[in-house]
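Worksheet for the structure shown next.
Just so it is clear: chains get the letters A, B, ... in the order the sequence lines come, proteins before strands, and each one is counted from 1.
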Amino acid sequence: MSVAYWLFKSEPSVFSFADLMAAPDRRTSWDGVRNHQARNFLRDQIQVGDGILFYHSNADPPAIVGVARVTRAGHPDPTAFNPDDPHFDPKSDPARPTWYQVEIEGIVAIAPPLELPRLRKETRLEGMELLRKGSRLSVQPVSPEHFEVIMNLAGLDRHRLGLTG
DNA sequence: GCCAACGTTGGC
DNA sequence: GCCAACGTTGGC
């Protein structure tokens, strides 16, 4: 089984990596994504066992703060059908769901966090989507090479984390 | 708080 | 289908 890698952005004031680690089974449904490109990854590509870099956006400083794994592949996001939910989408039809979510499980915090300015200095990360000017994609693929560089910077071993390709 | 970059909406 | 207006993201 081959493992792919992803980066998920979250604003820590909304849902932080600490929130994930404090959740039951350290798991959460990654719901509320309302961008079609990100949705396509959630629906079509992200598989159980894939590795995730957890990134804090709108933080000071922005940083990669933890590692997680995928525990359930893409399935319809129920918040899209709930009129009381802030992510409700009246145009989404339960018979043909527009929006999808995956379930993820926190593995380990990255301490100290890998701050954005540090990442920008790392020439081996050139071309990484996160570092592209104007990049706003909240669910984005990470190449195995870039994932490995980040694991090294974090002092982590992806094999020991069960993220074995 | 500012604003560049980007996505979405809606008139035409 | 074009594109101006508008809203959001997210670094700084």
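Spacing between atom CZ of Phe8(A) and atom P of dT9(C) amounts to 17 Å, rounded to whole angstrom units. Residue Arg34(A) contributes atom CZ, which lies 18 Å from atom P of dG7(B) at whole-angstrom precision. To the nearest angstrom, P of dA5(B) lies 15 Å from CD of Glu129(A).
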Pairs under 3.5 angstrom, nitrogen or oxygen only, protein versus nucleotides 10-12 of chain C, please.
from	atom 1	to	atom 2	distance (Å)
dG10(C)	OP1	Lys9(A)	NZ	3.0
dG10(C)	OP1	Arg136(A)	O	2.8
dG11(C)	OP1	Tyr55(A)	OH	2.6
dG11(C)	OP2	Asn58(A)	N	3.0

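Phe17(A) and Phe54(A) have perpendicular rings, their planes meeting at more than 60° on a 0 to 90° scale where under 30° would count as parallel.
For Tyr5(A) against Pro144(A), the heavy-atom pair with the smallest separation is CD1-CA, 3.9 Å.
In this structure, Asp19(A) contributes its side chain and Ser16(A) its backbone to a donor-acceptor pair below 3.5 Å. Side-chain atoms of Arg26(A) never come within 3.5 Å of backbone atoms of Ile107(A) as a donor-acceptor pair (strictly under, hydrogens ignored).
In this structure, Lys91(A) reaches the dT9(B) phosphate: one of its side-chain N or O atoms is under 4.0 Å from OP1 or OP2.
Residues Asn82(A) and Thr79(A) bring no donor and acceptor atom of their side chains to less than 3.5 Å of each other.
By the 4.5 Å heavy-atom criterion applied to side chains, Asp77(A) and Tyr100(A) are not counted as neighbours.
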